[in-house]
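Below you'll find the structure, written out as structure tokens, and then a few comments.
Only this structure's heavy atoms are used, side chains among them; waters, hydrogens and symmetry mates stay out. When a ligand or atom number is given, it counts from 1 through the structure's own listing order.
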Amino acid sequence: MESIKIELAKNPKVKPTDENSLDFGSVFSDHMFIMNYTKEKGWHSPRIVPYGPLSLDPAAMCLHYGQEVFEGMKAYRAENGSINLFRPDENFKRLNLSNDRLCIPEIDVDFCIEATKKLVEIDKEWVPSAPNTSLYLRPFIFCHEPNLGVKAGDEYLFVIIASPSGPYYKEGLNPVKIYVENQYVRTVKGGTGMAKTGGNYASSLKAGVEAHEQGYSQVLWLDGIENRYIEEVGAMNIFFRINDEIITPELSGSILGGITRKSVIALLQKDGYKVSERKISILEVEDAHKNGELKEVFGTGTAAVISPVGILKYNDNVMEINHQEIGELSQALYDRLTGIQWGKISGPEGWVVKVS
Ligand SMILES: *Cc1c(COP(=O)(O)O)cnc(C)c1O
């Protein structure tokens, strides 16, 4: 791959002054990374340029048929000032899984890590340092070839943008209310559920809106065939602690393989917990709740890290979990993972990659 060309912004933007009031995904740093793909040249022309609008042909295929994939990761400011990435190799390996499913050409994982590091280094002033803040990174690829024929395109753009983000929960960990979806489905086995692609989100919006109207913050999806096995929450994988077994749905093809999920499983196993990746039905959860065996439920994802669940509503059954308090395991996992990410404690070999 050619080396990355750099064009610095002539008029750097004013950075947010109050890092504690940063929200998610609305402010962007001074630069972005871009590279092009054409059939003849493959991936080429990698460059870091001032952040700004992209010009698209109205016939760009992504706008019509949704050929798009993305990733979500963070750059963390450690106390000593250095900047960490968390398992970036996993993000770009997963991007290639998504690419494969959406017929988008493969990218080079190591090159993408280098590009990410370079972008973060150039925009390092944008990595906030207030507690639990980070620079959210959004790599994405889409087909911009102008063509209304339905086919896999021949021209793509790979872009990375960066957004300083506040803590997911302003007052620390906060149990959420979750609506178990009994009507809509997100995806099915054989579909695109295992890929991180915009279409999965587009199809989930309506259920989200209806859950919000009833006072629930997120939707828990059931499988699209029998409507009884648990899949995942909007942008989080989900874990149940039933007595001393910690259960998360197996990666059956319709669930996204979260990196936080994978990390939580590794940490729990290292500590000797019984972790099962298996099918779990909503009826099993209801039974465990009725019998007092459902000790904790939590979601995992890059944005919130660990998200304790306080209420699960399925049909007319409103299940309160752990008195809507943060479970001990949820808290311990949150402290452990964020400790590793912000460089306060050491984690397994290779999890933390220093930018500078
Ligand atoms: C991104 C995402 C997750 C969480 O994955 P992480 O790698 O842990 O951030 C879970 N489910 C869906 C549908 C997602 O898009």
Side-chain angles (χ1 to χ4, degrees), residues 24-25 66 68-76 84-99 101-102 109 112-113 116 134-141 160 163 165 168-169 176 178 181 184-189 191-205 207-208 211 217-224 230-239 248-268 275 277 297-309 330 333-334 336-338 340-341 347 351-353:
F24 174 77
E68 185 266 357
V69 294
F70 67 95
E71 270 305 321
M73 55 206 284
K74 288 173 171 174
Y76 307 86
N84 296 334
L85 300 175
F86 183 71
R87 310 188 78 179
D89 51 322
E90 293 287 343
N91 287 96
F92 291 112
K93 279 192 251 168
R94 183 170 68 190
L95 190 58
N96 272 334
L97 285 181
S98 304
N99 283 339
R101 183 64 184 77
L102 274 288
V109 168
C112 290
I113 296 173
T116 307
S134 58
L135 184 66
Y136 183 80
L137 300 164
R138 167 56 58 88
F140 60 106
I141 307 178
I160 309 176
S163 173
S165 302
Y168 195 82
Y169 297 110
V176 290
I178 291 205
E181 182 54 51
Y184 302 109
V185 300
R186 172 179 170 268
T187 168
V188 291
K189 193 169 176 196
T192 54
M194 38 60 71
K196 220 168 164 77
T197 178
N200 292 338
Y201 281 80
S203 66
S204 74
L205 295 176
S217 63
Q218 292 182 65
V219 167
L220 175 64
W221 299 100
L222 300 179
D223 78 277
I230 300 208
E231 301 237 299
E232 60 173 315
V233 184
M236 294 194 294
N237 295 110
I238 190 140
F239 287 73
T248 192
E250 62 195 353
L251 299 178
S252 56
S254 49
I255 299 172
L256 193 92
I259 295 158
T260 320
R261 174 187 182 278
K262 187 173 180 174
S263 305
V264 160
I265 292 172
L267 291 176
L268 289 174
V275 187
E277 293 178 68
V297 180
F298 56 90
T300 64
T302 297
V305 191
I306 302 290
S307 195
V309 176
S330 307
L333 284 165
Y334 179 82
R336 184 94 164 272
L337 271 174
T338 55
I340 294 169
Q341 290 164 337
W351 280 18
V352 166
V353 173

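- Under the 3.5 Å distance criterion, the side-chain polar atoms of N96 are left unmatched by any main-chain donor or acceptor of V109.
- Heavy-atom distances between G72 and ligand 1 stay at or above 4.0 Å for every pair.
- Atoms CD and CG, from E68 and L102 in turn, are 8.0 Å apart once rounded to the nearest 0.5 Å.
- Ligand 1 lies less than 4.0 angstrom from a heavy atom belonging to G234.
- The existence of a salt bridge linking E71 and R94 is confirmed by a sub-4.0 Å separation between a basic side-chain nitrogen and an acidic carboxylate oxygen.
- The protein non-hydrogen atom at the shortest distance from atom 1 (C) of ligand 1 is K196 NZ, 1.4 Å.
- Test K262, R261, K196 against E90 for salt bridge (Lys or Arg N to Asp or Glu O under 4.0 Å) and you get one pass: K262.
- With ligand atoms numbered from 1 in the order given, ligand 1 contributes 12 (C), 13 (C), 14 (C), 15 (O) to contacts under 4.0 Å with heavy atoms of Y201.
- When heavy-atom distances to ligand 1 are checked against a 4.0 Å cut-off, L256 comes that close only through its side chain, counted from C-beta outward.
- Residue contact check for ligand 1: R94 places a non-hydrogen atom closer than 4.0 Å to it.
- Heavy atoms of R186 come nearer than 4.0 angstrom to ligand 1 in at least one pair.
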Side chain to side chain contact (heavy atoms under 4.5 Å, CB included) assessment of T197 paired with S98: CA-CA 7 Å; T197 178; S98 304; 5.9 Å; no

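- Of the polar atoms of R261, none of the N or O atoms is found under 3.5 Å from an N or O of ligand 1, judged by distance alone.
- Those atoms of ligand 1 that come under 4.0 Å of a heavy atom in M236, given as number and element, are 10 (C), 11 (N).
- Counting only distance, with no hydrogens or angles, the side chain of E232 and the backbone of L256 share a donor-acceptor pair below 3.5 Å.
- Counting heavy atoms under 4.0 Å from ligand 1, residue E232 touches it through the side chain alone.
- Using a 4.5 Å cut-off on side-chain heavy atoms (C-beta onward), T116 and P88 make no contact.
- In this structure, the separation between CH2 on W351 and CZ on R87 is 5.0 Å, given to the nearest 0.5 Å.
- Below 3.5 Å of separation, one finds an N or O of I259 facing an N or O of ligand 1.
- Residue-to-ligand polar distances keep T300 apart from ligand 1: every N/O pair is separated by 3.5 Å or more.
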